S.K.: 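The structure's right below; bear with me while I get my questions together.
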Amino acid sequence: MFKLKCDDFLDYDEATGTYSMSAEQQVRDETERNKWKTTGFTLLKDWRLYLMLVPMILVYVLWKYLPMYELTAAFRYGDYELTTDRPWAGISNFQNIYFGANAAAFWQAFRNTFIIAFYGLLFGFPMPIILALFFNEVKSNIARSIMQVCVYLPKFISTVIVTSLTLALFSGNAAGGQIGVVSQLVGKIFKSSKMLQASLDGGLVYTIQYFRPIYIITDIWEHAGYDSIVFFAAVIAVSPTSYEAAQIDGAGKMAQMRYVVIPSILSTVVIMLIMKIGGLLSVGYEKLYLLCPDSTYGNYAVATVVSTWANAQGNYLTQAFGIAGEMTNNLIGMILVIGANTIARKASDVSLY
Amino acid sequence: MKRKIEVSELIFKIIAYFFLIVFAALCIYPLIFALSSMFSSFDAVRNNEIVLWPTGKLQIEAAKYVFNSSRFWVSYSNTLFVTFIGTIWCLIYSILGAYALSKKRLMGRHGWNFFLVFTMWFSAGVVPQFLNYQSTGRVMATIFAGSTNMSDIDLKWLIVLAMGMNATNIVLLRNSFEGVPSEIEEAARIDGATELQILTKVYIPMSKATIATVALFFGISRWNGYFWAYKVTNAAGQNYSWPVQVYMRDFIQLNTALTGKYSVDDAWEVADIGKATSIAYSMVVFAMIPILVIYPFIQKYFAKGVNMGGVKE
C-alpha cells in the first residue's frame, strides 16, 4: 500500500531494500524551490513589457478606480462640512432615497432611466439591422458608399450640436411666434392643434408627452447608421452560393431573407442584443442633461434620469443621496451585463468577456 | 446567366432604395439646415422660415461676427489643443497597454484584462467622478502652483490627462495586436529587435487600420466632449479654458431662444435675436468643419477597424 502511494516519488532499490528519492522528484523539488526565482527572472527579463503596462494602469487607477473609493461617501452622513471626517451613516442614505424623503424623486428618475432605455432598445435595435439588409440590396458600390457616408455621419456630431439642432427643429424659435420645421410639418400632417399649441407654449422638446418620442428619434438618427456597420459585415459575409442554392430551390426574395440571410446573421444579432441589454441603464446623460439642465424645464418629469438627478444633488449636503442613487443604478446595470453575458455563454457559446 | 427579376424582389428593392435615400437625406438634413440658417436673412431666421435652402436676402454678417469673436477662437484653440495632445496621450498609453495585454506570456494577464473590462461594467457615477476630478485638480495645483485651489492651474491639462478614457478602444487594439502572427514577432526577436522596436516596427504598421479607427474615436470624443469639461471649468470659474462646445452651448443658452423661451427683458449680447440665432448656427458650422474635413478620409478605415477588432473570444 505504502509502496503504491509513494512510488511516484520514491525509487525502491531491490539490492539493498531501501527507498531513495526518485530523479524526477528531485527535479520537481528543484523547480518548486526555484519557482519564485524563475518567476522573478521572467519578470526581470520581460521588464519592458510590464513597464508598458504601467501608464495604462496608472491612468485607470487614478481616474476610474479612485472615484469608486469616493462611493464610500454614500455610507456617511452628508450634512457635515466636507473638511471634517464625516461619521458613518450605515445604510440610512439608501433608506432615505428608497423609502424616505427623496424616494419620490429617485424612483421617478429611475423609472425614467428604465423607460428611456427600454424604448430606445425596442425601437432603436431593429433599425441598424434593417439598414444593413437594405444596404445589401444596393449593388452599385458608389451609391452605397455615398449613402453610408451620410448615415455614419451623425455619430460624429457633438452632443451640443445635436441637442441644439433638435431644439431648433422640434421647438424652434419662439421669438416670432414661430415653431420649428418638424413641428410645422407634423402639425400640418396630423392637423393636431394640441401639438401646435404645445410647440408655441414651450416647444415640443420641453413638453412632457412629446419628449420621449423626440429623444428616441434623435437617438436613432445618431446611432442607427453607425451601428449598421457590424450587421452589414455579417450580411455580406453570407456566401453567394447559399443564395444560388436557395434560388435553384425556387425561393423568392422574401424566402431568401427568411431562410438564408436571417439565420446567417442571427449570432451577430444575439451578441449585439446582449451588448445593448448590458448597457441598458447607462443612458446618455450628457444629451439628457443638455435637453433638461434643471427642474425649471417643462420636461423635467420625464427627462431626468438617475445620472442627471445625482448630478443635481451635487452640493455637499445632498451628494450622499446622489451617490447612493447612482450606485444603485450602476450596480443593477452591472448585474444586467453579467447576467446577459452568462445567458449568452450558456445558450450559444458566444460571450463577450 | 440572366435571371428574370421577380415581382417580390423588385418591390423589395424599391422599398430598400426609397428607405435608404430618405434616411440618408434625413441624416444630413439638419446640417444643411444649419448651413442655410447661417446665410439666411435675420428676419427669415427669426421667423423660422428656413426649410432647406437659404431664405431671404443672403448675408455673411453672422459669419463675420463669429470670425471676429475672440472668445470663440480662444475656445476653438482650446479644443484643438485638447484634441491634439489628448488624443496623442490616450493613444500612447492605450497602445502600450494593449500591446502588453496581447502577450500570452504576460503574468496575470486575465487579471489585467478584468481590471480593464470591469470599468466598462461598472462606473462610479457622476458625483464621485466629479469629486475625483476636483481632488485631481487640487493635487495638480499643489504640485504645479503651490496652492490647493484648482483654478490656479490651467485646467486644459486636467482635461487632457484625466478625461477621454475608453476601455473599448484598448480592447479593439488588443484584439488587433493578437491577430498579428507570432512568427513575425519571433523573427524580429531573433534579428535582435527590442520590445519597443517590435511594437513600433512590426505591430503598429500591421494594425494601421485599427489604430486609425481608435485615433478617430479618441479624437472625436475629445472634440465633442462637453459635460466634464463644462463641470470642471465651471467649478473653478475658469472661462478661458472652455472648449468650443462649452462656449457654444453657453452662447446659445444666453443669446438665443433655442434652449428656452425668449423674453425681451433679458440682457442680450446681440440685440437682434435673428442675428444671434444666425450667429449660433455659424458657430455650429464652424465647429463641425474639422470633423467634416477629416471624416471622409478616415471613413474607409473605421468600417474595417471596427469589424476587425470587434467581438472576439
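In what follows, every chain begins at residue 1, and chains take the letters A, B, ... in the order their sequences are listed. A quick note: this is a predicted structure, and the numbers were derived from the prediction, not measured.
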S.K.: Would you say the side chain of Leu49(A) lies within less than 4.5 Å of the side chain of Arg105(B), judging by non-hydrogen atoms?
M.R.: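 They are in contact (side-chain heavy atoms under 4.5 Å apart), so the answer is yes.
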S.K.: Please look at Ile95(B) and chain A and tell me whether the side chain, the backbone, both or neither of the residue comes under 4.5 angstrom of a heavy atom of that chain.
M.R.: neither
S.K.: Could you check whether Tyr17(B) and Phe134(A) have their ring centres less than 6.0 Å apart?
M.R.: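 No - the distance between ring centres of Phe134(A) and Tyr17(B) does not fall below the 6.0 Å cut-off.
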S.K.: Once you round to the nearest 0.5 Å, how far does CG of Leu20(B) lie from CZ of Arg144(A)?
M.R.: 10.5 Å
S.K.: Kindly compute the distance separating CE (Met68(A)) from CG (Asn132(B)), expressed to the nearest 0.5 Å.
M.R.: 10.5 Å
S.K.: Given that the side chain runs from C-beta out, which part of Trp112(B) has a heavy atom under 4.5 Å from chain A: side chain, backbone, both or neither?
M.R.: side chain
S.K.: For side-chain contact (heavy atoms from CB on, under 4.5 Å), just list the numbers for Val337(A) and Phe122(B), CA-CA rounded to whole Å, side-chain angles, deciding distance to a tenth of an Å, and then say yes or no.
M.R.: CA-CA 9 Å; Val337(A) 178; Phe122(B) 183 76; over 6 Å; no
S.K.: For the interface with chain B, which of Met147(A), Arg48(A), Glu286(A) has the highest count of heavy-atom pairs at distances below 4.5 Å?
M.R.: Glu286(A)
S.K.: Using a cut-off of 6.0 Å, state whether more than 12 heavy atoms not belonging to Tyr243(A) lie near its atom OH.
M.R.: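 Atom OH in Tyr243(A) is packed in, count exceeds 12.
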S.K.: So which of Leu62(A), Leu290(A), Leu336(A), Ile323(A) has the largest heavy-atom pair count under 4.5 angstrom toward chain B?
M.R.: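 Top option by heavy-atom pairs under 4.5 Å: Leu290(A).
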S.K.: Got a donor-acceptor contact below 3.5 angstrom from the Gln245(B) side chain to the Ser158(A) backbone?
M.R.: no
S.K.: Report the option among Leu116(B), Val246(B), Ile11(B) that has the most heavy-atom pairs separated by less than 4.5 Å from atoms of chain A.
M.R.: Leu116(B)
S.K.: Who wins among Gly225(A), Ala143(A), Gly322(A), Ser307(A) for the most heavy-atom pairs under 4.5 Å with chain B?
M.R.: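 The option with the most such pairs is Ser307(A).
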S.K.: I need the residue from Ala234(A), Cys150(A), Pro293(A), Ala224(A) with the largest number of non-hydrogen atom pairs under 4.5 Å to chain B.
M.R.: Cys150(A)
S.K.: Quick one: are Phe130(B) and Gln319(A) in side-chain contact, heavy atoms under 4.5 Å?
M.R.: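 No, side chains not in contact.
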S.K.: Could you tell me if the side chain of Glu195(B) sits less than 4.5 Å from the side chain of Asp46(A), heavy atoms only?
M.R.: yes
S.K.: Between Tyr295(B) and Tyr152(A), does the ring centre distance come in under 6.0 Å?
M.R.: no
S.K.: So which of Leu331(A), Asn311(A), Leu165(A), Asn329(A) has the biggest tally of heavy-atom pairs under 4.5 Å with chain B?
M.R.: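 Answer, by heavy-atom pair count under 4.5 Å with chain B: Asn311(A).
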S.K.: Please classify the contact between Leu161(B) and chain A as side chain, backbone, both or neither, with a heavy-atom cut-off of under 4.5 Å.
M.R.: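 Contact with chain A involves both backbone and side-chain atoms of Leu161(B).
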S.K.: Atom CG of Leu66(A) and atom CG of Leu131(B): how far apart are they, to the nearest 0.5 Å?
M.R.: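 It is 12.0 Å, given to the nearest 0.5 Å.
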S.K.: Quick one: does Tyr93(B)'s side chain get under 4.5 Å of Tyr60(A)'s, heavy atoms only?
M.R.: yes
S.K.: Look at the rings of Phe156(A) and Phe217(B) and say which category their plane angle falls in: under 30° parallel, 30 to 60° tilted, over 60° perpendicular.
M.R.: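 Plane angle under 30°, so parallel.
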S.K.: Is the shortest heavy-atom distance from the side chain of Leu153(A) to the side chain of Cys27(B) under 4.5 Å?
M.R.: no
S.K.: Roughly how far apart are Met334(A) CE and Met120(B) CE, rounded to 0.5 Å?
M.R.: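 The CE atom of Met334(A) sits 13.5 Å away from the CE atom of Met120(B).
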S.K.: Counting C-beta onward and ignoring hydrogens, is there a side-chain heavy-atom pair between Phe118(B) and Lys64(A) closer than 4.5 Å?
M.R.: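 Phe118(B) vs Lys64(A): side chains apart.
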S.K.: Pick one of side chain, backbone, both or neither for Ser37(B), based on which atoms fall under 4.5 Å of a heavy atom in chain A.
M.R.: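 The answer is neither part of Ser37(B).
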S.K.: Are more than 12 heavy atoms, taken from residues, nucleotides or ligands other than Phe19(B), located less than 6.0 Å from that residue's CZ atom?
M.R.: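 Correct, the count exceeds 12.
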S.K.: Answer whether the closest heavy-atom distance between the side chains of Leu106(B) and Leu53(A) falls below 4.5 Å.
M.R.: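 Sidechains of Leu53(A) and Leu106(B): in contact.
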S.K.: Just wondering, do Ile161(A) and Asn224(B) contact through their side chains at under 4.5 Å, heavy atoms?
M.R.: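 Answer no - side chains too far apart.
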S.K.: To the nearest 0.5 Å, what is the distance between CZ (Phe227(B)) and CG (Leu288(A))?
M.R.: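 Going from CZ on Phe227(B) over to CG on Leu288(A), the span is 10.5 Å.
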S.K.: Search all heavy atoms of Ile220(A) against all heavy atoms of Phe23(B) and return the closest pair with its distance.
M.R.: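 Minimum heavy-atom separation between Ile220(A) and Phe23(B): O-CZ, 4.3 Å.
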S.K.: Assess the side chains of Trp63(A) and Thr136(B): does a donor N or O sit below 3.5 Å from an acceptor N or O?
M.R.: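 Yes, Thr136(B) and Trp63(A) have a side-chain donor paired with an acceptor closer than 3.5 Å.
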